[in-house]
Amino acid sequence: MNGPFHIDPRLDADTHPVADLALCRALLMDDARFPWLILVPRRDAMSEISDLSADDRSVLWDEIMRASDLLTREFSPTKINIGALGNIVRQLHVHVVARTEGDAAWPGPVWGAGTAERYDPAGLAAIRQRMETGFG
């Protein structure tokens, strides 16, 4: 690793950890409207996928596929959206979102669509368990 790893305070405030994968920390976005994972490579001072080594880029893609497969198994979405925007939070992170036709933002993007609906404690515990188990 490239030194100590820290999650951006905004990501930390909006998510819950679910797993540490080979490269990334997998986080659950705290918005019950969408099954939404965020993968954060445990590498500091990186804002673009191109900042990663070739080996890390390969691992990142594998972990994106693992997250996509997990969300597909658990939620049977219409579409999986994958994005690495970083316009507000500059720390490199990749969104993997299970979208269902007719969801709160369909067919538009989830970013900026209405107000997040935080998980209640029971709902949060249930989905975190599903994600932790799914990642193994």
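Computed from a predicted structure; not experimentally measured.
- Formation of a donor-acceptor pair under 3.5 Å by the Asp14 side chain with backbone atoms of Met29 is not found in this model.
- Of all heavy-atom pairs spanning Leu52 and Arg57, the tightest one is O-NH1, 2.6 Å.
- Taking both residues in full, the closest heavy atoms of Val18 and Leu27 are given as CG2-N, 4.2 Å, listed atom of the first, atom of the second, then distance.
- Nearest approach of Arg43 to Asp56, heavy atoms of both residues: NE-OD2, 2.9 Å.
- The side chain to side chain donor-acceptor pair (under 3.5 Å) contacts involving residues 69-78 comprise Glu74-Arg130, where partners must be two or more places apart or lie in separate chains.
- When side chains are defined from C-beta on, Leu71 counts as touching Met131, because their heavy atoms get closer than 4.5 Å.
- Salt-bridge annotation for Arg33 and Asp31: present, with a side-chain N of the basic residue lying under 4.0 Å from a carboxylate O of the acidic one.
- Judged by distance alone, with hydrogens and angles left aside, the side-chain atoms of Glu63 form no donor-acceptor pair with the main-chain N or O of Pro41 at under 3.5 Å.
- Tracing side-chain contacts under 4.5 Å through hydrophobic residues (I, L, V, M, F, W, Y), one never reaches Trp106 starting from Ile82; they form parts of separate clusters.
- Without hydrogens or angle criteria, Arg42 side chain to Asp20 main chain gives no donor-acceptor distance under 3.5 Å.
- Annotation for Trp36 and Trp111: closest pair CZ2-NE1, 3.9 Å, computed over non-hydrogen atoms.
- The environment of CH2 in Trp61 is sparse: at most 12 heavy-atom neighbours from other residues, nucleotides or ligands sit within 6.0 Å.
- Atom CD1 of residue Ile49 and atom CD1 of residue Ile64 lie 5.5 Å apart, to the nearest 0.5 angstrom.
- When side chains are defined from C-beta on, Glu101 does not count as touching Pro107, because their heavy atoms never get closer than 4.5 Å.
- The two residues Phe135 and Ala26 make their nearest non-hydrogen contact at CE1-CB, 3.7 Å.
- More than 12 heavy atoms of other shown residues, nucleotides or ligands fall within 6.0 angstrom of atom CZ in Arg118.
- At least one donor-acceptor pair closer than 3.5 Å links the side chain of Asp51 to the backbone N or O of Ser47.
- No side-chain N or O of His95 forms a donor-acceptor pair with one of Asn81 less than 3.5 Å apart.
- Panel note: side chain Arg90, backbone Asp8; no donor-acceptor pair is recorded below 3.5 Å.
- His93 and Val40 get closest at one heavy-atom pair: CB-CG2, 3.9 Å.
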